[in-house]
Amino acid sequence: MEIKSNKARIVFMLILLACFCAVTITGCSQIANTVSFISLSKKKAPAHSEDERMDWFREARFGMFIHWGIYSVPAGTYKGEQVPGIGEWIMERAMIPVADYEQFAKQFNPTKFDADQWVLIAKNAGMKYIVITSKHHDGFCLWDTKFTDYDIIDATPFKRDILAELAESCRKNGIKFCLYHSIMDWHHPDAQAPFYPLYNDRNKTNPNFNRYVEYYLKGQLRELVQNYGPLGILWFDGEWVKDWNREMGWDMYEYVLSLQPDIIINNRVGKGRLGMRGFSKSDEFAGDYGTPEQEIPATGLPGVDWETCMTMNDTWGYKSYDNNWKSTKDLLQKLADIASKGGNFLLNVGPTDKGLIPQPSVERLAAMGEWMKVNGESIYGTTASPIGKVPWGRCTAKPGKLYLHVFNWPTDGKLNVPNLKTKVKKAYLLADKKHSELPVKRINENEIVITVPEKALDPYNTVIAVKTKDK
Ligand code: FHN
């Protein structure tokens, strides 16, 4: 192309220069993005060290999980048919079109809901934190959100902000308020709604998913953290959708920490979870702790925080006919088992559409509370057993003290304690306020025998405290 005059040559050079600048700038931003993701994968140091943030969590050890939403209206039955599987998945299991499922919101009017009653049930059970479903996979929102009308205020006759009332009651009762939030969303058009009838199709993607993440998901999380916080934990779930990836996990992790620097974020923000086992493949994946589900790991992982979440029957969300309740004995022994491996126990309740926690749950939690009132010291703030597995129960520890959780009381009044080299100062029954001394005899450098009363003090778990002194 022939350039006529000097003036034209200058204009042409200027255009050329402008194009060059434009290219470099975009180039830099792309590089910047990749750099930022890479640097994210190297996890920028949050304002609060992970240990600082995890302190209360490691002390708490026991929390209440609450799965509540409009799925409690059908309560496991659709068009007269019982729908197999967990109740909160009825929309997916029965392949209910969005417009039909939305009708349940019109029937959701939990007039018996009393936030203080729920919080006190948790508190009296010995639980220190509550994690409630702000939004589950069905996309229905349990708070007053400006990002959709598919929420408790605009879509139901109830019109009370459930999260606001629960947050207030938790603060009043010294219980940490935490929120579950699903990344998967069967209601949102930029998420999995278009996948109907297979809302959970793991091979499908949505070209607008990034818009859902950047605008809706992040927007609502800012609302939740800023309007209902400070939160103890943000408990993500539903990260298995194909559109979600490791980088998004790190980006979301940093985003939420930027909203509240001392918040704890579970590992389901990342993409590294090893299924129901719950731990992450490596710390290349975002998240502060592992989340085994419906199972208790054989052993904990030294230095790794984790929390087993579990149902009290076979469903998270309320099903009117699921009465396969675990016994109080089973739940108490699971609590000791989990603590003896250095983990937390997040035990679930699925309230009804009237706003009531099912009575079998209330009774079991009250019974657990009776045990915790006497033996809480052997759970709160303890660490994993330093003497490994024991045949008669479990063991938890604190500096200079062991707690022997005896499930099977010795018929001969002799309790053998293996793998215990440290000197024993004193042993006593934790429930015995006078801490009267129990006879202790060392039978070899590795094992002691404690003489115990004929009868166990507690049929499910009698705790013996052993004060030790190093050399
Ligand atoms: O799909 C969910 C399920 O509904 C429930 O919320 C559990 C609780 O941890 N998590 C998912 C299954 O892994």
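Read the numbers this way: they start at 1 and go in the same order the structure lists the ligands and their atoms. Because the structure is predicted, anything quoted here is derived from the model rather than measured. Along the sequence shown, the residues carry numbers beginning at 1.
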Notebook entry, point to check: Where is the nearest protein heavy atom to atom 11 (C) of ligand 1: which residue, which atom, and how far?
Noted result: D237 OD2, 3.0 Å
Notebook entry, point to check: So, W68 versus F108, ring centres under 6.0 angstrom or not?
Noted result: yes
Notebook entry, point to check: Side-chain donor-acceptor pair under 3.5 Å between W235 and E307, yes or no?
Noted result: yes
Notebook entry, point to check: When rounded to the nearest 0.5 angstrom, what is the spacing between SG in C141 and CZ in F147?
Noted result: 10.5 Å
Notebook entry, point to check: When you check the side-chain N and O atoms of D288 and Y253, is any donor under 3.5 Å from an acceptor?
Noted result: yes
Check: How about Y180 and H136: are their ring centroids closer than 6.0 Å?
Finding: yes
Next item on the list: Only one of V269, I183, N245 passes side chain to side chain contact (heavy atoms under 4.5 Å, CB included) with E239; say which it is.
Entry: I183
Next item on the list: Write out the residue and atom name of the closest protein heavy atom to atom 12 (C) of ligand 1, then the distance separating them to 0.1 Å.
Entry: E293 OE2, 3.2 Å
Check: Does an N or O from W316, backbone or side chain, lie closer than 3.5 Å to an N or O of ligand 1?
Finding: no
Check: Starting from atom 5 (C) of ligand 1, which protein heavy atom do you reach first, and at what distance in Å?
Finding: H67 NE2, 3.5 Å
Check: Would you say W89 and ligand 1 have an N/O pair spaced under 3.5 Å apart?
Finding: yes
Margin query: Here's a test for you: under side chain to side chain contact (heavy atoms under 4.5 Å, CB included), which of M184, H137, K135 qualifies with D237?
Written below: H137
Checklist line | Whether M184 lies under 4.0 Å from ligand 1, heavy atom | finding: no
Next item on the list: State whether the shortest distance between N or O atoms of W240 and N or O atoms of ligand 1 falls below 3.5 angstrom.
Entry: no
Notebook entry, point to check: Should you measure from each heavy atom of H136, which atoms of ligand 1 turn up under 4.0 Å away?
Noted result: 3 (C), 4 (O), 5 (C), 6 (O)
Note to self: Please work out, at 4.0 Å between heavy atoms, whether the side chain, the backbone, both, or neither of W235 comes within that distance of ligand 1.
What the structure shows: side chain
Note to self: Working to the nearest 0.5 angstrom, can you tell me the gap between I130 CD1 and K176 NZ?
What the structure shows: 13.5 Å
Note to self: Checking a contact table here: which protein heavy atom is nearest atom 4 (O) of ligand 1, and how many Å away?
What the structure shows: E88 OE2, 2.6 Å
Notebook entry, point to check: Is there a nitrogen or oxygen of R273 sitting under 3.5 Å from a nitrogen or oxygen of ligand 1?
Noted result: no
Item checked: Heavy atom of R268, distance to ligand 1 below 4.0 Å -> yes
Next item on the list: With heavy atoms of C309 as the reference, note each atom of ligand 1 found under 4.0 Å away.
Entry: 9 (O)
Margin query: Looking only at the aromatic ring of each residue, does the gap between the centers of W89 and Y71 stay below 6.0 angstrom?
Written below: no
